[in-house]
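Everything on this sheet refers to the single structure shown next.
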4 protein chains.
Amino acid sequence: MDFKDNEAIYLQIAGYVNERILLGEWLPDEKILSVRELAMELQVNPNTVMRSYEYLQNKEVIYNKRGIGFFVAAEAVKTIKAAKRERFLNEDLPFLFKTMKLLNIELDEIAGRYEKFGS
Amino acid sequence: MDFKDNEAIYLQIAGYVNERILLGEWLPDEKILSVRELAMELQVNPNTVMRSYEYLQNKEVIYNKRGIGFFVAAEAVKTIKAAKRERFLNEDLPFLFKTMKLLNIELDEIAGRYEKFGS
Amino acid sequence: MDFKDNEAIYLQIAGYVNERILLGEWLPDEKILSVRELAMELQVNPNTVMRSYEYLQNKEVIYNKRGIGFFVAAEAVKTIKAAKRERFLNEDLPFLFKTMKLLNIELDEIAGRYEKFGS
Amino acid sequence: MDFKDNEAIYLQIAGYVNERILLGEWLPDEKILSVRELAMELQVNPNTVMRSYEYLQNKEVIYNKRGIGFFVAAEAVKTIKAAKRERFLNEDLPFLFKTMKLLNIELDEIAGRYEKFGS
DNA sequence: GTGGTCTAGACCACC
DNA sequence: GTGGTCTAGACCACA
C-alpha cells in the first residue's frame, strides 16, 4: 500500500481498514492487527496507526478490549455503508447533477458509459 | 457565502469566481473585483483572495494588467468548462459507478433523483 | 457481568467481590473462589483476577492461606463499609453539591428521583 | 495549574477550558488561546494541547477557523452543561443512591450537610 | 503482549 | 502567524 499525498495518512489507513472489512477479510468481532503490527506492515509510525484506530473507534467501526486489542464492530459493515450512502446522496449526487446541467450532459450518456464500465 | 471545512478557502473562492463567470455576471475582458473588494465582500484576508487570483491566472481564467487589476480571460468560459468536463469524465464518473456498485444503487434511482433535482 | 470502559477491569472485579461479600454470599473466614475459577466465571485472564485479589488483600478485605486459597476477612463487611463511607463523605458528597449548584438542581429534585429509585 | 496523575493531561486541559467558558472568561465566538500559547502557559507540549482542542471540537464546544485559531462555540455553555447533566443523572445519582442505601444514610442527613456547604 | 499518553522536533498548507 | 500531520522514542497501566 502506498499513500496519496493530498489526504492525511491516518485517514487513508482508516479507509484501508474499512475496505478490508467491507471485503469480508476481517469479520465482525474478529481481532484486527495490533497497532504495532499494522504500523510495521504499512511502514508507518505506530502513533499514526493509533490515530486511525481512534478515528474508527469514534465512528463505531471498531471497538477495543483493553490490553487485548481492537475488534471489528458487530455492525461495522452496516455502519460503513450507511456513512458512504449518506455522503453520496447529500454531497456527491447534487454536485454530479449540477455539473451535468452545466456541461449539458444527459443521463442517457451516463447510462451508456455505465454499460461499458467493467470493474 | 460560507466556506466548507474540508477544502482550502482560496480554492473555494476560485470556484466562486468561476461560478460568476459561468453565470455571465463577469464578462470576457471585463475587470473583476479587486483583491481588496472581494476580500471585503467575502470577509476574508486579502492574502487569501490574492492566492485565488494567482491560481485562476495559472489556469488562464483571468489575466492581470499591472496597476489596474484582474480581467476575465477571453476564453474563460470555455477553459472552465473544459476543465470541469475533464474532471467529470476521468474522476467523478468512475467514482459514481464504483459507489453505485458498492451500495447497490441502480441507475433508475439516480434518474429518479435527477428528476426531482431543481437548481 | 460486563465491564465498563473507563475503569480498570481488576478494580471492577474487586468491586464485584465486595458486592458478594456485602450481600452475604461470601461469609467471614469462608474460602472464596480460586483465582482460576473466578477468571473462568468472568471470562477474564487469571492474571487480572490475581491482581484484584492482591488489591483486596492490601485493603484487608480478604486474606490468603498459602497453597489453599483466599478467605473473607473476619471484619470484611465493616472494612468495606468504612471505606465506602469515607469516600462518600469526602468525595461524593462535595461533588454532588458542587454539581447541583452548577446545574441549578435543587434537593427537591434529588428527593423526587430518590423516591422512584428502586434497587 | 497543576495536573492530577490519574487523568490524562489532555482531558484535564479540556476540563480547564470548559471551566473558563462556564465562568464566562471566554465568551461565545471569541477566539481562545492558540495551541502554542496555551501550551506555553501550561508548560505542556503543543501536541497535548492540540489533542485537547480536537477533543473539544468533537464535543462541539469550540470550533476552528483555518489559519486563524479556535473559537468558543455559540452554544458552548449549553453543550457543556447538557453533558454534565447527562452524566450526573445517569451515572452519578444512581451510584449515590445505591451507596446511601448500603450505608443507611437518609436524605435528611444529606440535606443537613447541604445547608452547611458553602462554596 | 496490548493500547494510551506524552514529549521533542520537524515540515507543511493555509490565512 | 495559525492549525495539522507525522516521526521517533519514551514510559506507563493493564491483560
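The sequence lines fix the lettering, A, B, ..., with proteins before strands; numbering per chain opens at 1. Computation of the quantities below employed the complete heavy-atom set of this structure, encompassing side-chain atoms and omitting hydrogens, waters and symmetry-equivalent molecules.
No engagement by Val44(C) is indicated, since no non-hydrogen atom pair under 4.0 Å with the nucleic acid exists. Contact annotation for Asn47(B): no contact, since no heavy-atom pair falls under 4.0 Å across all strands. Asn64(A) comes within 4.0 angstrom of sugar-phosphate atoms only, judged by non-hydrogen atoms across all strands, and of no base. If you check every strand for non-hydrogen atoms under 4.0 Å, Tyr53(D) touches nothing.
Of the candidate nucleotides dG4(F), dC14(E), dT7(F), dC14(E) has the atom nearest to the side chain of Arg51(B). Taking every side-chain heavy atom of Val35(A) into account, dG3(E) is the closest of dG3(E), dT5(F), dC14(E). Of the candidates dA8(E), dC14(E), dC6(E), dA8(E) carries the atom nearest the Asn45(D) side chain, counting heavy atoms from C-beta on.
Across all strands shown, dG3(E) forms a Watson-Crick or G-U wobble pair, both distances under 3.5 Å, with dC12(F).
A 6.0 Å sphere centred on CG of Asp2(A) holds no more than 12 heavy atoms belonging to other residues, nucleotides or ligands. Surrounding NZ of Lys31(D) are more than 12 heavy atoms belonging to other residues, nucleotides or ligands, all under 6.0 Å away.
OP1 or OP2 of dT7(F) sits under 4.0 Å from a side-chain N or O of Thr48(A). Considering only side-chain N and O atoms, Arg66(D) lies under 4.0 angstrom from the phosphate OP1 or OP2 of dC15(E). Between Ser34(D) and the phosphate of dT2(F), there is a side-chain N or O to OP1/OP2 separation shorter than 4.0 Å.
Side chain of Arg87(D) to backbone of Asp92(D): no donor-acceptor contact under 3.5 angstrom is found.
Using cut-offs of 30° and 60° for the angle between ring planes, the Tyr63(C) and Phe71(C) rings count as parallel.
With contacts defined as side-chain heavy-atom distances shorter than 4.5 Å, the pair Tyr53(B)/Leu33(B) qualifies.
For the 3.5 Å distance criterion, the side chains of Tyr16(D) and Arg20(D) qualify, holding a donor opposite an acceptor.
In this entry the distance linking CD of Gln43(D) with C1' of dT7(E) reads 14 Å, nearest Å. Rounded to whole Å, atom P of dA13(E) lies 9 Å from atom OH of Tyr10(B). Distance Lys4(B) NZ to dC15(E) P: 14 Å, rounded to the nearest Å. Atom P of nucleotide dC11(E) and atom CG of Asp5(A) are separated by 16 Å, given to the nearest angstrom. Computed from coordinates, the Lys65(D) NZ to dG4(F) P distance equals 15 Å when rounded to whole Å. With rounding to whole Å, Glu7(C) atom CD is found 16 Å from dA15(F) atom C1'. Whole-Å rounding puts the Leu42(A) CG to dC6(F) P distance at 12 Å. In this structure, OH of Tyr55(D) is placed 20 Å from P of dG3(F), rounded to the nearest angstrom.
Toward the 5' end of DNA chain F, the nearer of the two residues Gly67(A) and Glu37(D), judged by each one's closest nucleotide, is Glu37(D). Map Ile9(C) and Arg36(A) each onto its nearest nucleotide of DNA chain F; the residue landing nearer the 5' end is Arg36(A). Sequence order on DNA chain E of the closest nucleotides to Ile68(A) and Ile68(D) puts Ile68(A) first from the 5' end.
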